[in-house]
Every structure is written in structure tokens, then in C-alpha cells.
**Student:** 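What follows is a single structure, and I will ask about it in a moment.
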Amino acid sequence: MRWRIIFIGCCWACVSVQAQEKAVPTSRDSVALRLERVLDSVLGTTATDVSVPVLKKLLKKRKKKEEPTEKNGWKSAGKYTLLFNQSAFNVDWQGGGTTNIAGNTTLAYELKYRKNSLTWDNSLLADYGLTFLKGEDFARKTNDRIELNTRLGQQIAESQWNYSLFANVRTQFAKGFRFSKDDETDETLRTEETRFFSPAFVQSGPGILWKKNDDLHVNIAPVTTRMIFVNRMFTTTPDYVDGDYFGVEAGRSARLEFGGSVAAHLKFEVLTNVSLTQLLNLYSNYIEDPANIDIDYTLSINLVVNKYISGSFVFQAIYDDNATGAFQVREIAGLGLTYTLK
């Protein structure tokens, strides 16, 4: 009888403990403590050269499983930047220089859509800059670009490769001029060379996209059509007609090309609050001089001072023998205001 009472008492104690454990949820700290004790007891009887590789392997597996997957739906992000630069010299300054003030504004906006393995990436990049030199009646452009990109991607199995279809439009906001000096009066003269949608480059084509993530991807489009649009004034007015204009023949307003293109994007953080972005676009015209590859390379370094103040450095090099037989190079550096768009 006494053994029965002891047995019933033990069972009742066990049931009570289990009920209390269910009633009071185990905290993360207590779970972590018990896990630490179990691991310590196991590792204490295991050689280090055996336990360390096993732990690393298990942690690597768990980290891979816990990586968050991108959600379906729309996602957008953008940034508006306004940079200033100013230089001033008095009449006694002997080192040379011209008093000037310059400003540059940039809008970068991305709109992305995902549905399972299907992605649709859209981006807008708009740059415009002016500099005002003392003694001149007009401003000079330091930057002028409008670029629209859209790309559909369909993931191949569960790899980093995708079938893709892209389109790109590139032009400018305002008129561009070539500056020269009058030999007699030493006055600065300007001749119009470009204007809005003259030239305008429109590219599209299917291809293959390798995409590790949003910061590293390469799109290869071996079948790409490119249209070049210009204002007919530049191909019909005697003052402007000199051979062809951006490859467009005299008397015409457009040119069709067929070739292949490669577009690469790389972005990474160099230091805390300092990021570096590189863009490379290559195009080869299969019909005419396929070995003469058009190159458009842009290097951007962005420094975040705080939420509203940032600095940037931009270097761009373009080679297009339809425009000129040499590299076109521009460089912009400045400190200014930044507003993040959502």
C-alpha cells in the first residue's frame, strides 16, 4: 500500500511539473542556457579539430535555411540629390582661374515587381547640371542625361540565370553647344550641336541575365536592335550637314542598327557610409564595323554624411565612333543635399 502511495505521488509530481512547464512558456534566455550546457557537455568530450568543423558546417546550413526570400509584389526606392560647387578669385589672384558657381541635380528612382520566379525591374536616371562663369552671358552644361531602363526576367530552375527581355532609352533634357572664341573680338561663341531627343538611343532585345542579387548582375543580349533618332534640322541644314550626324545619314531622322549588347552592374560598400557603383554598357553593330564596340562606363562614389547631406563623385567615359572618334569623358564631384524617395 505504501509503495502505491509513493508511486502515485511521484506520478502526480511529474504531471504537475509538466503542466507548469506548458503553462509558463520557456524564455529565449533559458533555452539558450540549456543549449549552452548541452553543447558544453558534448564539446568537453570531443576533440577541437573534430567539433569546430562540424559546428561551422551546421551553422552554415542553418544560416542558408534562414535567409529571407524576397516577397512578391511591388518595391520602390529613389533618391534626389542637389549638389553645389563655387569658386571665387579676386583681381589680385595670380594663380589664374575664373569665378564660377555650379549646380547639379540628380534623380534616381527604381520600381520593381516580383511574382515568384518572375521579376520586372524598372529604373529612371535623370541628371542635369549648369555652371555660370564670370564674364559670360550664358550658362554651360556640366551634365545632361535622361535614361530609362526596363527588364523582364524569368528565373531558370532555381539558378542565378534568367531569361530576359530588356529595353533602354537614353537622351537629354536641353540643347547642347560647342564653344569657340572669336579671333577678332575674343568673344565666346556657341554653336548648337544637340537638343532634346536629338540624339535619342533606343535599344531592346531578348537575352540571358545572370543575377546574384540587386547589386550584382550582368545581362547579355546577343540579339539587340538599336534605333538612333535625331532632329532633321541637323541632317538637312547646310550649316550642320557634315557627313552624317550620330550615324544618321543626311536628310534622314533615324537610323536602325542590329547587334549585340552587354550591360553589367556592380555596387558594394567600400567603407561605412561610402558606396561604389560601376555600370558598364557595351554594344556591337553586326552590320557595320562589328569590332568597333561602343562603350559607356560610369563610376559613382557616394558618401552619406547624414540623412540630408551627402557627397558624390562621378566619372563617365563614352566611346561611340558615330559621334566622335575619341573617348568622351566627364567628371563631377560635389557636396549637397539628399532626399530619399519611397
Side-chain angles (χ1 to χ4, degrees), residues 67-68 70 75-85 102-112 119 121-129 131 141-151 153 160-162 164 166 168 170 172 201 203 207-221 261-283 293-320 327-342:
E67 285 182 354
E70 290 192 47
K75 182 173 67 174
S76 63
K79 183 183 292 184
Y80 175 75
T81 306
L82 184 61
L83 303 177
F84 295 99
N85 186 31
N104 190 86
T105 181
T106 301
L107 172 63
Y109 191 79
E110 293 183 343
L111 181 63
K112 300 181 179 181
T119 59
D121 299 334
N122 304 277
S123 67
L124 165 66
L125 179 60
D127 279 337
Y128 192 73
T131 182
K141 286 196 298 184
T142 56
N143 197 18
D144 190 1
R145 176 173 56 163
I146 306 172
E147 187 167 345
L148 291 164
N149 290 283
T150 184
R151 184 185 64 223
Q160 295 176 339
W161 291 93
N162 301 259
S164 66
F166 88 100
N168 168 271
R170 180 164 49 92
Q172 62 187 45
F201 301 90
Q203 291 185 179
I208 295 292
L209 169 68
W210 179 80
K211 185 176 182 180
K212 184 175 182 181
N213 49 51
D214 286 341
D215 295 332
L216 176 58
H217 49 82
V218 179
N219 190 73
I220 304 171
S261 67
V262 175
H265 173 97
L266 171 63
K267 180 181 179 181
F268 60 92
E269 193 171 271
V270 182
L271 300 169
T272 303
N273 295 329
V274 179
S275 62
L276 184 148
T277 304
Q278 296 185 85
L279 304 174
L280 176 64
N281 291 283
L282 306 175
Y283 175 79
I293 298 174
D294 294 345
I295 303 171
D296 188 345
Y297 170 76
T298 303
L299 167 68
S300 303
I301 299 176
N302 295 299
L303 166 66
V304 178
V305 180
N306 56 39
K307 186 178 180 180
Y308 299 106
I309 299 177
S310 66
S312 70
F313 170 82
V314 178
F315 171 83
Q316 184 177 15
I318 297 176
Y319 178 81
D320 183 351
F327 271 97
Q328 306 170 60
V329 176
R330 73 180 179 95
E331 177 186 313
I332 297 176
L335 186 69
L337 304 175
T338 299
Y339 180 72
T340 301
L341 306 173
K342 294 182 180 181

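For reference, positions follow the sequence shown, starting with 1.
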**Student:** Can you list everything that forms a side chain to side chain contact (heavy atoms under 4.5 Å, CB included) with S261? Sequence neighbours excluded, please.
**Tutor:** F166, Q203, A221, T224, Y283

**Student:** Under a 3.5 Å cutoff, is there a donor and acceptor pairing between the side chains of Y80 and T340?
**Tutor:** no

**Student:** More than 12 foreign heavy atoms under 6.0 Å from NZ of K267: is that the case here?
**Tutor:** no

**Student:** Who passes side chain to side chain donor-acceptor pair (under 3.5 Å) against S310, sequence neighbours left out?
**Tutor:** T338

**Student:** List for me each residue that meets salt bridge (charged side-chain N to carboxylate O under 4.0 Å, His left out) alongside R145, sequence neighbours excluded, and say none if there are none.
**Tutor:**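 With sequence neighbours excluded, R145 shows a salt bridge (charged side-chain N to carboxylate O under 4.0 Å, His left out) to D127, E147, given in chain and number order.
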
**Student:** Return the orientation label for the F327 and Y319 ring planes: parallel under 30°, perpendicular over 60°, tilted otherwise.
**Tutor:** tilted

**Student:** Suppose we screen for side chain to side chain donor-acceptor pair (under 3.5 Å). Which residues come up paired with T150, at least two apart in sequence or across chains?
**Tutor:**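 Expected list: W120, N122.
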
**Student:** Holding to side chain to side chain donor-acceptor pair (under 3.5 Å), I want the full list of residues that pass it with E331, two or more places apart in sequence or in another chain.
**Tutor:** none

**Student:** Would you sort out whether R330 and N143 count as a side-chain hydrogen bond (donor to acceptor under 3.5 Å, both in side chains), showing the intermediate values?
**Tutor:** CA-CA 8 Å; R330 73 180 179 95; N143 197 18; 3.1 Å; yes

**Student:** Among residues at least two apart in sequence or on other chains, which ones pass side chain to side chain contact (heavy atoms under 4.5 Å, CB included) with K307?
**Tutor:**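 Checked K307 against side chain to side chain contact (heavy atoms under 4.5 Å, CB included); zero matches.
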
**Student:** Partners of F313 by ring pair (Phe, Tyr, Trp, His ring centres under 6.0 Å), sequence neighbours excluded?
**Tutor:**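 Ring pair (Phe, Tyr, Trp, His ring centres under 6.0 Å) list for F313, sorted by chain: empty.
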
**Student:** Among all residues two or more places apart in sequence or in another chain, which pass the side chain to side chain donor-acceptor pair (under 3.5 Å) test with K211?
**Tutor:** D121, D214

**Student:** Please list, chain by chain and in numerical order, all residues satisfying side chain to side chain contact (heavy atoms under 4.5 Å, CB included) with A77, sequence neighbours excluded.
**Tutor:**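 None.
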
**Student:** Drop me the distance from L83's CG to T106's OG1, to the nearest 0.5 angstrom.
**Tutor:**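 Result: 6.0 Å between the selected atoms.
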
**Student:** Tell me every residue that passes salt bridge (charged side-chain N to carboxylate O under 4.0 Å, His left out) with D320, counting only those two or more places apart in sequence or in another chain.
**Tutor:** none

**Student:** Could you list the residues that satisfy side chain to side chain contact (heavy atoms under 4.5 Å, CB included) with A126, not counting sequence neighbours?
**Tutor:** L107, F173

**Student:** Show me the donor-acceptor pairs, under 3.5 Å and distance only, between side chains in residues 295-305 and residues at least two apart or in other chains.
**Tutor:**
unit_1: D296; atom_1: OD1; unit_2: Q316; atom_2: NE2; d: 3.0
unit_1: Y297; atom_1: OH; unit_2: Q278; atom_2: OE1; d: 2.6

